[in-house]
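First comes the structure, then the notes that go with it.
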Protein chains: 2
Amino acid sequence: MPWEKSFDVDLATDRATEVFWKKGYEATSMADLTAAMRINKGSLYNAFGSKKALFDRALTRYDQKTRAAKINQLRAQNDGVAAIYAFFDGFVEEARKDPRNLGCFVVNTAQDLPNQPPEIAQTIHSALEDIKEFFREMIEKGQQAGDIPNTVRPEETAQAMLSMLVGLRLLSRGSAGIPALEAIRDGAMRLLKG
Amino acid sequence: MPWEKSFDVDLATDRATEVFWKKGYEATSMADLTAAMRINKGSLYNAFGSKKALFDRALTRYDQKTRAAKINQLRAQNDGVAAIYAFFDGFVEEARKDPRNLGCFVVNTAQDLPNQPPEIAQTIHSALEDIKEFFREMIEKGQQAGDIPNTVRPEETAQAMLSMLVGLRLLSRGSAGIPALEAIRDGAMRLLKG
DNA sequence: CGCTGTTTGTACCAACCGGTATAATCAATT
DNA sequence: AATTGATTATACCGGTTGGTACAAACAGCG
């Protein structure tokens, strides 16, 4: 068997992610993708199959590399309150560093859910559920440590925090400045005060 | 001068809004629009000028008819806490009644801000600012009535509530069920407890 | 070298894109 | 009935859409 691959598939996927992330699925053309990925049209279809398949792959990879990795890292922490703060503050920091105001690829796609196929909907649903679950676990951990009063209902509060996070990420796309995002982060923490 | 108009421009605009609302600007074609508006291509360009101009008009009209109208109605209320609750609960009700899960046209467009022209960005910015201002006023009104403790900072809390609202509206697009939306609404009210 | 499989460039496809043009039809005022 | 302007249907424009086809160049293995 001769030489089995030349370009880096993951690198090409990450470059495709950048375009989908900013413009969304429909507004991104195959010409946009081949230019950004720096591979030929033929190679793209050979390696990924279709635009939809590439989008699916890009979204899943983004979700794994960013959201899932972060959550699994913070889950290990024993201070629940600190873990939640770090999670929110990380996104404020991301917004501070990103001059392009891309926000969150997952949230962007969640906004477009009614126009997405079931596989994508499933990916989004799992991601959001996992975030909520993370919040719930950290709240319960904080309660066991005595940092969070027992009057705070874990499930409902986790859901409310997820909503704040989604809002923060959407407003990061050019609708809010850094001070506003910090106010959102601090507001989320106030939900833990009972 | 002969008969000055035949079709109802506002009605046609509302029909265009439905399509833009669901699919977004890019994914909506002129064919989609003429079909939904039930007017001819020629009439559309004669009456609205371009796709962009139609979108702008549809968005502005939607914002006036729904968000602005609701806020101005609730502003008159003398119970600040009740006004905020009614505002949130109205969107939960809207989600309950809408089988298509359209969410909010303004929030959808805010998500797409990096790809929108300055006029649209301005409209979105004004709308979000007005909502935040509404929250701030109602918080201050609640504090004067003694319903909200003075430890609650009006501006920061209003910003946090705006984020929860944006999250609620985005999650209404198929990512969350009614109970989850109710938890978000109740979580927002907890921000007023100090 | 010869075989294999990838990459690349290019050409091509039918379909659609936003937008324009035109001629016929239509309704209401004069 | 004549005039006026909006509405309609249809055809058309150049450009782009996602996707396919194909030959040439390429790189590794036997």
Side-chain angles (χ1 to χ4, degrees), chain A residues 1-60 108-109 112 114-120, chain B residues 1-60 108-109 112 114-120:
Chain A
M1 219 182 297
W3 121 92
E4 292 244 312
K5 217 65 190 200
S6 155
F7 67 91
D8 186 331
V9 179
D10 283 339
L11 175 60
T13 305
D14 288 341
R15 285 170 171 165
T17 299
E18 289 275 316
V19 189
F20 281 133
W21 190 353
K22 189 197 173 198
K23 307 180 69 168
Y25 180 78
E26 277 290 342
T28 300
S29 71
M30 296 309 291
D32 291 334
L33 292 169
T34 52
M37 299 166 81
R38 285 176 237 173
I39 61 173
N40 195 274
K41 216 171 189 181
S43 300
L44 197 161
Y45 276 93
N46 178 41
F48 299 96
S50 69
K51 187 187 175 186
K52 269 189 212 282
L54 173 57
F55 181 82
D56 199 346
R57 183 161 181 160
L59 178 64
T60 301
N108 295 351
T109 307
D112 200 35
N115 308 306
Q116 294 292 338
E119 321 94 64
I120 299 292
Chain B
M1 222 182 295
W3 120 94
E4 291 245 313
K5 216 63 187 201
S6 156
F7 68 91
D8 186 333
V9 178
D10 284 339
L11 175 59
T13 304
D14 288 341
R15 284 170 171 165
T17 299
E18 289 275 314
V19 190
F20 281 133
W21 191 355
K22 189 197 172 198
K23 308 179 71 169
Y25 180 79
E26 277 291 341
T28 299
S29 71
M30 296 307 292
D32 291 334
L33 291 169
T34 52
M37 298 166 82
R38 285 176 235 173
I39 61 173
N40 195 272
K41 217 173 188 179
S43 300
L44 196 161
Y45 276 93
N46 177 40
F48 299 96
S50 69
K51 187 188 176 186
K52 269 190 212 283
L54 173 57
F55 182 81
D56 199 345
R57 183 162 181 159
L59 178 64
T60 302
N108 296 351
T109 308
D112 200 34
N115 309 305
Q116 295 291 339
E119 320 93 65
I120 298 293

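Because the structure is a prediction, the values reported are computed rather than measured. Each chain gets a letter, A, B and so on, in the order its sequence line appears, and its residues count up from 1.
- The separation between B:R38 atom CZ and D:dT8 atom P is 12 Å, rounded to whole Å.
- With rounding to whole Å, B:L44 atom CG is found 11 Å from D:dT8 atom P.
- A donor-acceptor contact under 3.5 Å is formed by the side chain of A:K41 with the base of D:dG19.
- Picking from D:dG19, C:dC17, C:dT8 the nucleotide with the shortest atom distance to the side chain of A:I39 gives C:dT8.
- Here the options are B:T28, B:D32, B:N108, the test is side chain to side chain donor-acceptor pair (under 3.5 Å), and the partner is B:K23; only B:D32 passes.
- We find that CZ of B:F48 is positioned 16 Å from C1' of C:dG19, with the value rounded to whole Å.
- Looking at heavy-atom distances under 4.0 Å, A:T34 makes no contact with the nucleic acid at all.
- If you take CG of A:N46 and P of D:dC26, they are 19 Å apart, rounded to a whole angstrom.
- In this structure, A:L33 places its CG atom 8 Å from P of D:dG18, rounding to the nearest Å.
- For the pair A:F55 and A:I120, the minimum side-chain heavy-atom distance is below 4.5 Å.
- Rounded to whole Å, the distance from CG on B:L54 to P on C:dG19 is 10 Å.
- A:E26 approaches A:K51 most closely through the heavy-atom pair O-NZ, 3.9 Å.
- Here the closest non-hydrogen pair linking A:R15 and A:M37 is NH1-O, 3.6 Å.
- Base engagement by B:S43 is indicated by at least one non-hydrogen atom pair under 4.0 Å involving a base atom.
- Checking D:dG18, D:dT7, C:dG18 against every side-chain atom of A:K51, the shortest atom distance belongs to D:dG18.
- To the nearest angstrom, C1' of D:dC13 lies 13 Å from OH of B:Y45.
- Distance A:E26 CD to C:dG18 P: 11 Å, rounded to the nearest Å.
- The aromatic rings of B:F20 and B:Y25 lie parallel to each other, their planes meeting at an angle below 30°, with 60° marking the opposite boundary.
- Residue A:D32 is the one, among A:G42 and A:D32, whose nearest nucleotide of DNA chain D lies closer to the 5' end (criterion: closest heavy atom).
- The side chain of A:N40 contributes an N or O atom lying less than 4.0 Å from OP1 or OP2 of C:dG9.
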